Asker: 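First the structure, then my questions, so here it is.
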Number of protein chains: 4
Amino acid sequence: MTIPAPLNGVVPPVCTPLTPDSEVDTASLVALVDHLLEAGVDGLFVLGSTSEVAFLPDAHRRLVVETVTRHVAGQVPVLAGVIDTATLRVVRHAETALAAGADALVATAPFYTRTHPAEIAEHFRLIARRTGAPLFAYDLPVSVHSKLGAELVLELAAEGVLAGLKDSSGDEGGFRSVVLGARSRADVDGFSVLTGSELTVDSALAMGAAGVVPGLGNVDPAGYVRLHRLCVAGEWALARAEQERLCGLFGMVGVGDPARMGRSSSALGAFKAALYLRGVIACPLTAAPQLPLSASEVAAVGKYLAAAGLL
Amino acid sequence: MTIPAPLNGVVPPVCTPLTPDSEVDTASLVALVDHLLEAGVDGLFVLGSTSEVAFLPDAHRRLVVETVTRHVAGQVPVLAGVIDTATLRVVRHAETALAAGADALVATAPFYTRTHPAEIAEHFRLIARRTGAPLFAYDLPVSVHSKLGAELVLELAAEGVLAGLKDSSGDEGGFRSVVLGARSRADVDGFSVLTGSELTVDSALAMGAAGVVPGLGNVDPAGYVRLHRLCVAGEWALARAEQERLCGLFGMVGVGDPARMGRSSSALGAFKAALYLRGVIACPLTAAPQLPLSASEVAAVGKYLAAAGLL
Amino acid sequence: MTIPAPLNGVVPPVCTPLTPDSEVDTASLVALVDHLLEAGVDGLFVLGSTSEVAFLPDAHRRLVVETVTRHVAGQVPVLAGVIDTATLRVVRHAETALAAGADALVATAPFYTRTHPAEIAEHFRLIARRTGAPLFAYDLPVSVHSKLGAELVLELAAEGVLAGLKDSSGDEGGFRSVVLGARSRADVDGFSVLTGSELTVDSALAMGAAGVVPGLGNVDPAGYVRLHRLCVAGEWALARAEQERLCGLFGMVGVGDPARMGRSSSALGAFKAALYLRGVIACPLTAAPQLPLSASEVAAVGKYLAAAGLL
Amino acid sequence: MTIPAPLNGVVPPVCTPLTPDSEVDTASLVALVDHLLEAGVDGLFVLGSTSEVAFLPDAHRRLVVETVTRHVAGQVPVLAGVIDTATLRVVRHAETALAAGADALVATAPFYTRTHPAEIAEHFRLIARRTGAPLFAYDLPVSVHSKLGAELVLELAAEGVLAGLKDSSGDEGGFRSVVLGARSRADVDGFSVLTGSELTVDSALAMGAAGVVPGLGNVDPAGYVRLHRLCVAGEWALARAEQERLCGLFGMVGVGDPARMGRSSSALGAFKAALYLRGVIACPLTAAPQLPLSASEVAAVGKYLAAAGLL
């Protein structure tokens, strides 16, 4: 399908349920997609950081795209992450994802290597030219250790290289610069500025962002859909209350003991534990070398769900 | 072949020559391997950072291992980098590399994700267990943004998980801690501590390191072989003079204008330009999105070669 | 004077005008204070980063506090930065600032040293205990390379150590956690959460922040006062328009050529050039080793002022 | 006194003993200086990082310089750290230190602010011009978050701005570039390249460094003097054995529990505990907000001393 320009609304990054032996649990993945679609989301982003893309072998990645696109069958656009270290590797993922039915691609700056902004621009230009598909830049300095500058993003938007930005930089000032630039520049049109923040969706939408890509949207998609609708309706006080409820729920990402495990294990482990506790997926396992939450940490996730009215 | 324990000597990380359309130039790769073997190197490390591993698609990677192992035919051990973001992806590369004939594996800590030391240990344990092959840890914080602590490395050595360390951290104090620990701990035996530095080989060998993995060894393998032999012979004054000549030659990594390109483009571009100027490879191209050296930058590489007596 | 709890509204960090020989230009400083007070600001923050505190010797610092407190004479509270590397040095600055008439203190986490969160907490506790004055934590990871966690800030608020937070971390999610925690915790009362962002004031106030400490408020204090009043009145559409005008004006911080100078030279140079062009201060000099803007860079500042209707 | 050019040998950064109420313990400081002089050190560096300079108020700093220079009375040169955030503040410290009898100054790049290399160069030029004293650059990126490039250091050496470099960057490749450049450039003469590493003194001297500034030299000055003499005599095998003994002793810096305290508390706490256990100083207190070692951590320091034959 042709994706809307700009793409608006709630586009959750879809968790990748695994079987106990670390294969893709396609039945749970389909159940999760239904859980999201029934809540009224506007699109799906598979193979993002929340999807554990960096942990998944290529065959897992392809199976995820195929499973989701076949099940969604055009009801909403499906964006696929093509996360890898440099251009030629990303292009291979892009070809696979498009063959598997993805409607658009999401790529970060190169990582592992030390890259100049001119090389980052070249990277996105080459991906766009070789695939011809709508391409979203994924700004995630915590993972790739480069920040995409607003000028770079807007220039690539004007060139037609980028269809949108998924901003997970946490830099709301830079985010606003892109929103304002995309609106004011005559040579930029239909560009989607999406926030990856779970905590400042009302702010981002008030600034003029097109949409939101919240990892926590796996756990409570209806909450984010409600929040988005309230913002679109200009019901800012109600939106703020809904956002604050979701901020409380987001506390679950910190249940894992930082003396024992990393941030991925804790946050992605909590999302999957919540989906398991809510009955959406069959197994809360995260991919190696992430470590599992303890029983008491899983119980803490349950308390967050209960407090937010989700159990 | 079974690799020596410890692996000693000069083990250059082999550049990956590319054709003008970015395919692996296997004829040039074979010529480069001959250039290295004729100089008397003790092993080869394919698919390291100097090999542009992060830029190469899987098919390129496999072809590199196959080409080199077939040509080397057991004359020296061939170590293969299995560089990727997390465990399951690394294991896939490892299976491919071993099937293609690699004698040992070289893996970094996970990257892109935020990982706890306990997870890094689990990562190496799983790779070792699932492959059964000798495994070298590759300490490269500039790329993966985690430093491997000496205690962690020594513990994994004692467990039999790691066969060696390739240290490119630039932290000579930490490096020495591993060297001393590997010597003094009764539960560690035959562990190879290799430095990735081009500039402090004499120091590292004087400390007791087993060997050296110098990127610049592509350009002047005979120099590094000579340097290693002088160190082994305890000819420290002559070793220092040879090392200082190589330090001068290493200046070539800075020929690329930092206002225009990143460090990879400059350093790897210089190595490949030098190999091209010396007649070893057919084309100096580096992989996208790296940018090419200008004609005057290539000429500067030539001056470094001339000053070191290599043209 | 006793400062309000919480302190609300617009509290600009006051630039420090210098004479051509780098002394404090007290006449210009008084003129700048009048410029701010006439616009209706709710407090003044002297000796913050925008004040070039890190560049100013102790005698300059004392003179700034004395000059401003004497001139303000209790019309609004005056907060003084006590920025230094560790506790005993900060306490000395605090004693001087309080003797010179400051109403409250603003301190960062220790820097230069490598400090544990328990030591950061101890740092703030000791400052509060030894001075007895209201103490604001200044969260500025770009300068001090530690981030103040929301839990740490709220715990120190509950203990009565901290009267408020000036957040210049750029992390709006963490900021919101402090705002929500300060509101929901029964043991925290009258705690001022202030944003240091120039670009997301409407967002921060919508979240429930008490006030704003915008460096750009030197240049256009009336704009920030207007923006604050619109937010308090719930006029979000008008607030957003005013905020966007200020976002445009903020572009001036990038006039300095990054190939030639650092970010401080560019941003603080632009603020001082703007104050000079608006006739508020006599000399746009920034302190050594910052480099001056070129004539064309100053002209660019003038264009930003003109575009915002300030010339 | 006029300091030698270059300054050679062992120049320990002198710990600053404190009384139980955090004043300078001048009697212990004098005893520590005697302990160092009796071991045969070639100079003293007061007010470095190991001296807790970042924790000490100005009056403490002045008293340290006065106490040491008066007691040393010209037997060896006394270098004084003038550590502060930017130029004008550093110049004030320099004036005080020179008036108190220091023979040379040691300054870092600016910190807290974000500074361009051109501004760093300007910083050192202004300090040199305004004081006229021999100036050593202190390369300490872990504290100031800028690395001094070899080219910058050599250019300032050629200009006569810098008399030497104290390198605590841990980057032995960059260190060697300065050593080689200082030797090969005709416009650089008498430049002192000193390593701040405790663990690679033999390597640094073998490369051609002039001397060493080891924090652990407080605890075992005789060991470092012996090590230096062995290196000068070309007795590399004996030097290596002595260096390895000191590497073992250096393990004491890790006695403090990292879950409970920062690196300064642990390392500086260990040095002071060792000096206390050896009977050199009266009280092992470190300055706030550093936390004290526990009794078992102090006992661990004692074991390191015993193992090195120092108790």
Side-chain angles (χ1 to χ4, degrees), chain A residues 18 22-23 49 52-61 83-93 108-127 130 140 142-146 256-268 287-291, chain B residues 18 22-23 49 52-61 83-93 108-127 130 140 142-146 256-268 287-291:
Chain A
L18 298 177
S22 293
E23 297 300 321
S49 301
E52 299 174 78
V53 66
F55 300 90
L56 301 181
D58 287 359
H60 285 57
R61 292 189 184 195
I83 309 303
D84 216 312
T85 42
T87 313
L88 300 182
R89 293 185 64 79
V90 171
V91 168
R92 296 302 185 277
H93 291 298
T108 66
F111 50 96
Y112 186 90
T113 74
R114 288 175 281 176
T115 311
H116 187 276
E119 295 164 341
I120 295 174
E122 180 72 0
H123 175 72
F124 286 116
R125 284 187 192 111
L126 287 169
I127 299 167
R130 297 205 186 166
L140 189 66
V142 73
S143 289
V144 305
H145 302 277
S146 295
D257 178 2
R260 200 168 56 83
M261 64 177 62
R263 176 80 176 174
S264 291
S265 294
S266 177
L268 303 183
Q290 293 172 98
L291 298 174
Chain B
L18 298 177
S22 293
E23 296 300 321
S49 301
E52 299 175 80
V53 65
F55 298 91
L56 302 181
D58 286 359
H60 287 55
R61 294 189 182 195
I83 309 304
D84 215 314
T85 43
T87 313
L88 299 182
R89 294 185 64 79
V90 171
V91 169
R92 295 303 185 277
H93 292 298
T108 67
F111 50 97
Y112 185 90
T113 74
R114 287 176 281 176
T115 310
H116 188 275
E119 295 164 342
I120 294 174
E122 179 72 1
H123 175 71
F124 287 115
R125 285 188 192 110
L126 288 169
I127 298 167
R130 297 204 187 167
L140 189 65
V142 73
S143 288
V144 307
H145 302 278
S146 295
D257 179 2
R260 199 167 58 82
M261 64 177 61
R263 175 82 176 174
S264 291
S265 295
S266 177
L268 302 183
Q290 293 172 99
L291 298 173

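In this text, all values refer to a predicted model and were calculated from it rather than measured experimentally. Numbered from 1 within each chain, the chains take letters A, B, ... in sequence-line order. What you see below is based on every heavy atom in this structure, not just the backbone, and it leaves out hydrogens, waters and symmetry mates.
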Asker: Show, in sequence, the C-alpha distance, side-chain angles and deciding distance for B:H116 and A:R260, and conclude whether the side-chain contact (heavy atoms from CB on, under 4.5 Å) test is met.
Answerer: CA-CA 7 Å; B:H116 188 275; A:R260 200 168 56 83; 5.6 Å; no

Asker: Under 4.5 Å, counting heavy-atom pairs only, tell me which of B:L56, B:V90, B:V53, B:V144 racks up the most with chain A.
Answerer: B:L56

Asker: How close do A:A86 and B:A288 get, heavy atom to heavy atom, and via which atoms?
Answerer: CB-O, 4.2 Å

Asker: State which residue, out of A:S49, A:S265, A:S264, A:S143, fulfils the side chain to side chain contact (heavy atoms under 4.5 Å, CB included) condition with B:T113.
Answerer: A:S264

Asker: Using non-hydrogen atoms only, which part of B:I120 is less than 4.5 Å away from chain A: side chain, backbone, both, or neither?
Answerer: neither

Asker: Chain B: which of A:R263, A:M261, A:E122, A:Q290 shares the most heavy-atom pairs with it under 4.5 Å?
Answerer: A:M261

Asker: Of the non-hydrogen atoms in B:G262 and A:E119, which two are nearest, and what is the gap between them?
Answerer: N-OE2, 3.1 Å

Asker: So how far is it from B:D58 CG to A:R92 CZ, rounded to the nearest 0.5 Å?
Answerer: 9.0 Å

Asker: With no hydrogens and no angle check, just 3.5 Å: does a side-chain donor-acceptor pair link A:T85 and B:Y112?
Answerer: no

Asker: Which answer fits B:P117, side chain, backbone, both or neither, if we ask what part of it has an atom under 4.5 Å from a heavy atom of chain A?
Answerer: neither

Asker: Please flag which part of A:L291 lies under 4.5 Å from any non-hydrogen atom of chain B: side chain, backbone, both or neither.
Answerer: both

Asker: Given a strict heavy-atom distance threshold of 4.5 Å, which part of B:A259 is in contact with chain A: side chain, backbone, both, or neither?
Answerer: backbone

Asker: What distance do B:H60 atom NE2 and A:R89 atom CZ have between them, rounded to the nearest 0.5 Å?
Answerer: 10.5 Å

Asker: Please state whether the side chain, the backbone, both or neither of A:H145 comes within less than 4.5 Å of a heavy atom of chain B.
Answerer: side chain

Asker: Which region of B:L126, side chain (C-beta onward) or backbone (N, CA, C, O), has a non-hydrogen atom less than 4.5 Å from a non-hydrogen atom of chain A, or is it both or neither?
Answerer: side chain

